[in-house]
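Notes to accompany the following structure.
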There are 2 protein chains.
Amino acid sequence: MNTRTALLNSAESAARQRGYDGFSYADLAQEVGIRKASIHHYFPKKADLALELLERYAAGFMDDLAEIDTANSSAADKLRAYHTLYRDALVDGTQLCLCVAFSAGRDSLPEPVLRVLNQFHADSITWLTRVLSIATDDGSVAGLTDAEAEAHATLALMEGAQLVARAADSAAPFDRATAAFIARLSAPSTH
Amino acid sequence: MNTRTALLNSAESAARQRGYDGFSYADLAQEVGIRKASIHHYFPKKADLALELLERYAAGFMDDLAEIDTANSSAADKLRAYHTLYRDALVDGTQLCLCVAFSAGRDSLPEPVLRVLNQFHADSITWLTRVLSIATDDGSVAGLTDAEAEAHATLALMEGAQLVARAADSAAPFDRATAAFIARLSAPSTH
DNA sequence: ATGAAACTACCTACCACTAGGTAGGGTGGC
DNA sequence: GCCACCCTACCTAGTGGTAGGTAGTTTCAT
């Protein structure tokens, strides 16, 4: 594998475990099998690495959302898939969504990284609002009134559920916290 | 003011802004007006400080919950007050609930601190489950089915809403994310 | 009532260690 | 010959933490 990609991969899992301040060039160097100084050849500053890392992550996430859109026809199915995305990102409570991990330590984030982070949130809200609007029309989510308000609530719920799971070092709290949300969705389409 | 208390206060606001790794003895020393080494007189290790800090915070939070219980009779009112607690802790999106701030960087937390953190979550769930059970009976929260599941969801929602607000450095996202929750509560009692 | 002992609350000066980052050199493939 | 790639060696600034000292206060037996 490409050294550059190896560095990004290593940085991603470290950042999702310990946040932006929680991983160092020394860590990456050891894991990738390269000298610390050599990393600067690919990423002159840590800010450069973090920016590319988050951009890659956000892009991948948006791709996943697009794929969810094509693979699932009903709004309820899309939301179930969205939930699975966050659930799978947990990996037994050891890893967070990169955006959750970065949000917490936002004070130490370089400004460009912060912009991408906010863009990620905005894009997530756009997607959720669209799907929840469909759900409002077809009635596949129980008790829906305001799609946009519900979109913000859903995003906060997923991120918060990840956080409590991380604190407990287990995926169980995530499942408990999101059970009520899943219960509101109409039965899966079986075509 | 007591030097010890001044140190705890300074540490609290710093930790709620930047997490456990994000504040140093040097920072505290400067803010309190004392030499760095002198802090060790009160708190030999940073772990000691963090433990006492979180214990104080958790105790204060539980006191607030007890006060909410006596000051509000209806379940809906109690939940509104609970929401206000998290909302007020934000301070324009610059400060998080200490437990949210600590959860994110849980890897660097000393083990005793982690225990108090998990206890805080457990106590919160207990309180929420009790209040939501009452709400299930008196019907003051719309669309309630499982009180305990809803308790976990509510905690995750509050913590997640704080997190997105922190990322945006504004309280507005918190209000948007929790609007749907508030809308489910029956009208305030006016006696 | 007084003087020694002990304690509180700070200080200066330092430790070992890690962080991100830099300067400059070697080497192998196009 | 060039340049991507990786190296050794080093820097500055910070981290939590320690050693040892010093005023001022409290305690207490004589």
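Chain letters run A, B, ... following the sequence lines, proteins first, then strands; residues in each count from 1. These numbers were taken from a predicted model, which means no experiment stands behind them. Because only heavy atoms are used, hydrogens play no part in the values below, and waters and symmetry mates are left out as well, while side chains stay in.
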Q. Is any side-chain N of the basic residue among A/Asp69 and A/Arg130 closer than 4.0 Å to the acidic one's carboxylate O?
A. yes
Q: Only pairs at least two apart or in different chains count here, so list each ring pair (Phe, Tyr, Trp, His ring centres under 6.0 Å) that has a residue in residues 148-183 of chain A.
A: A/His83-A/Phe174
**Q.** B/Asp169 side chain to B/Ala165 backbone, donor-acceptor under 3.5 Å
**A.** no
**Q.** Of A/Ala37 and A/Asp27, the one whose closest DNA chain C nucleotide lies more 5'
**A.** A/Asp27
Q) Is a salt bridge present between A/Asp48 and A/Lys45, judged by a nitrogen-to-oxygen distance below 4.0 Å? A) no
Q: Answer with yes or no after comparing the ring centroid distance for A/Phe120 and A/Phe102 against a 6.0 Å cut-off, counting only values under it.
A: no
Q: Find the distance B/Tyr25:OH to C/dA16:C1' and express it as a whole number of Å.
A: 18 Å
Q.
Donor-acceptor check, side chain of B/Gln162 to backbone of B/Tyr86, threshold 3.5 angstrom: yes or no?
A. yes
(Q) I need the CZ-P distance between A/Arg35 and C/dG20, as an integer number of Å. (A) 17 Å
Q. Less than 4.0 Å between a side-chain N and a carboxylate O, is that true for B/Glu12 and B/Arg56?
A. yes
Q: Considering just the side-chain nitrogens and oxygens of B/Ser38, establish if one lies under 4.0 Å of OP1 or OP2 belonging to C/dA9.
A: no
Q.
In whole Å, I'd like the distance from the NZ atom of B/Lys36 to the P atom of C/dC14.
A. 14 Å
**Q.** Interface residues of residues 40-52 of chain B with DNA chain C (non-hydrogen, below 4.0 angstrom)
**A.** B/His41, B/Tyr42
**Q.** Bounds of contact between DNA chain D and chain A, in 5' to 3' order, using a heavy-atom cut-off under 4.0 Å
**A.** D/dA4 to D/dA9
Q) Are A/Asp27 and A/Ser24 linked by a side-chain donor-acceptor pair shorter than 3.5 Å? A) yes
